[in-house]
Amino acid sequence: MIPSGPASRSPVKLTLLTGFLGAGKTTLLNRLIGDAALANAAVVVNEFGEAAIDPLLIEAVSSNGVISLSNGCLCCTVRGELVDTLVDLAEGTGTVPERAPPERVVVETTGLADPAPILSALMSHPVLSQVYALDGVVTVVDGENGARTLAEHEDSRRQVAVADRIVLTKSDLASPDGLTGTRRAVGRLNPRAPIVDAATIEGATGILVGCGLSDALSRGEGISAWLGAAADAHGAASPAGRQSGEDDPNRSEPHAGHHHALHRDHAHGHDRPHDHQHRRDGIRSFSLETDRPVAFDAIAGFLQILAETAGKRILRMKGIVLLAENPGRPLVLHGVQGFMHPPAQLPAWPGPPITRIVLIGQGLDERYARDLFSAFTGGIAPDAADRTAIEDNPLAIPGVGFGR
Ligand SMILES: Nc1nc2c(ncn2[C@@H]2O[C@H](COP(=O)(O)OP(=O)(O)OP(=O)(O)O)[C@@H](O)[C@H]2O)c(=O)[nH]1
């Protein structure tokens, strides 16, 4: 997860369009795909099953057409096929010969897909991580049935938790109570993402296009539009981040109130059949903040140990860092699970210079993450493990420097 330096070439922007079965992903895409902002976009549709129906339903034809992926394991095989297709698209080879790379790619996932492994595949792949930049995750939620779907399906909760934008569909059909319940359920899982009613959307900009930090800044929205409104609502002075799921009946985080020693996640067994059964989960988000400049090595060490010890629990991470070595140019971090997208640097601070890292996790121990962050950034909490304790821990990564 250690940042390795800013990417050198201009990336293809990628939007992940997700949402549960029948939520209205294809309908939304159809409405927006003719927008000039998507003029040079390729659309990749990933559908589960033998017969890929959705590509046939996408009526408007973008200049790069619609590429259909189908028939595979929702999490692994399709991910492999998706990776291959994205490489081909970027290089103009394979399935898309003699075609210049698109400026943008919109990937519509199957309604049952967990977006986190797709995002981590994007960030961990040696080619994709250099060639693509994630513009945003857009999650479509059925306004009437959303609350029930979220209560019953873990994948739908994860789709909402990692979203940069939530698009609420079917408000024309939904009852006021249904809509309110859906908005509440979405807000508990992801208090940071703006919720947009599909009926009010006029164009792709700000929805399928332009969810990234540079777009938000060029629209004059500020860093918090990208990090999430909660980061600002919460304010820079307090150490506690806003959490989702606090009153969520599905929440099962048993560790919020006491300290845990460093521990490794159990690896997810990819050799066992995938289990999409509903589990009691503990999806939550919080932000880590400090106004002290942070050494690059310190932030790299924090991220690496966090990835080593809790990477599987991180659904998404976004951050902006006040670097000690270059305080005038904020470092932008973007990660998922144990992987980081190559970091970018902004030319200047669009707001007050302060390090903010937003973590969206499932079963992620907030206290542990805070203590680790404090140990690396110099703001030791009273009962947090200090530098010596972490360096003495056998899980600490040899050679990592602390808070220099
Ligand atoms: N009334 C109404 N119907 C909608 C709206 N959005 C989608 N639908 C309908 O909902 C049904 C499912 O929409 P799709 O766009 O196919 O949903 P999807 O998320 O792509 O579905 P899957 O690919 O099966 O996951 C279709 O019959 C749409 O016409 C909306 O805002 N209002």
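We count ligands from 1, going down the list as the structure has it; atoms in each ligand are counted the same way.
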Quiz item: With no hydrogens and no angle check, do the side chains of D197 and S171 hold a donor and an acceptor under 3.5 Å apart?
Solution: yes
Quiz item: Under the criterion side chain to side chain contact (heavy atoms under 4.5 Å, CB included), which of L315, D114, L16, L14 is the partner of L119?
Solution: L16
Exercise. Just go through D197, T27, L21 and tell me whose heavy atom is the nearest to atom 15 (O) of ligand 1.
Key: T27
Quiz item: How does D172 reach ligand 1, by side chain, by backbone, by both or by neither, if only non-hydrogen atoms under 4.0 Å count?
Solution: side chain
Practice problem: Indicate yes or no: does an N/O atom of S171 lie under 3.5 Å from an N/O atom of ligand 1? | Solution: no
Self-check item: Cationic N near anionic O, under 4.0 Å, D365 to R313
Solution: no
Quiz item: Is there a donor in the side chain of T377 and an acceptor in the side chain of R292, or the other way round, less than 3.5 Å apart?
Solution: no
Exercise. Tell me, yes or no, whether the heavy-atom count around R184 atom CZ, taken from other residues, nucleotides or ligands under 6.0 Å, exceeds 12.
Key: no
Quiz item: Under 4.0 Å from any heavy atom of E108, which atoms of ligand 1 are there?
Solution: 20 (O)
Quiz item: N/O of L173 under 3.5 Å from N/O of ligand 1, yes or no?
Solution: no
Quiz item: What about G19: any of its N or O atoms under 3.5 Å from an N or O on ligand 1?
Solution: no
Self-check item: ligand 1 contact by G22, heavy-atom criterion under 4.0 angstrom
Solution: yes
Quiz item: Just distances here: any N/O of A23 and N/O of ligand 1 closer than 3.5 Å?
Solution: yes
Quiz item: Between atom CZ of F339 and atom CG of L303, what is the distance when rounded to the nearest 0.5 Å?
Solution: 13.5 Å
Quiz item: So, T109 versus T18: side-chain donor-acceptor pair below 3.5 Å or not?
Solution: yes
Quiz item: For K25 and ligand 1, does the shortest N/O to N/O distance drop below 3.5 Å?
Solution: yes
